[in-house]
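Nothing here was measured: the structure is a model prediction, and the numbers come from that model.
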Amino acid sequence: PAAKQTKSRKIAIVMGKASELKAMEASCDKEVDDIVNQMRALLTQNDQSTALADEALAAYKAQKSEMVSSLTSKLYG
């Protein structure tokens with residue numbers, strides 16, 4: 001119901017899920033780290049620069065930051 005869709009209620013719901021959300025974030029971060037480490041290992045084994053792995057990690061971090069900012073803005077805005 002529209003009457004229950006208040007800003008404070010939405011914030012309370014999100015805050016109630018904060019630990020679950022942090023765990024999901026940590027899981028995603030670990031998966032990306034694992035992939036980037038695999039990329040680095042393959043590149044190193046083939047005597048290639050690891051710059052591509054650095055770029056991939058930087059892109060992930062930038063997109064993550066943008067998404068967090070956007071979602072935070074939606075929640076509090």
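A 4.5 Å side-chain heavy-atom check between Val14 and Leu21 finds at least one atom pair inside the cut-off.
One distance of note links CD of Glu31 with SG of Cys28; it measures 6.0 Å at 0.5 Å rounding. With rounding to the nearest 0.5 Å, the separation of CE in Met24 from OG in Ser19 is 11.5 Å. Remark: Leu57 CG to Ile35 CD1 distance equals 11.0 Å, nearest 0.5 Å.
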Name the atoms and distances for all side-chain donor-acceptor pairs under 3.5 Å in residues 65-76, with sequence neighbours left out.
from: Thr72; atom 1: OG1; to: Val68; atom 2: O; distance (Å): 2.7

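Ala53 approaches Met39 most closely through the heavy-atom pair CA-CE, 3.8 Å.
Scored by the salt bridge (Lys or Arg N to Asp or Glu O under 4.0 Å) test, Lys64 finds Glu25, Asp29 as partners (sequence neighbours excluded). Asp47 pairs by the salt bridge (Lys or Arg N to Asp or Glu O under 4.0 Å) definition with nothing, not counting sequence neighbours.
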* Are Thr6 and Arg9 close enough, and set up right, to give a side chain to side chain contact (heavy atoms under 4.5 Å, CB included), and what steps lead you there? -> CA-CA 5 Å; Thr6 64; Arg9 181 158 168 73; 3.2 Å; yes
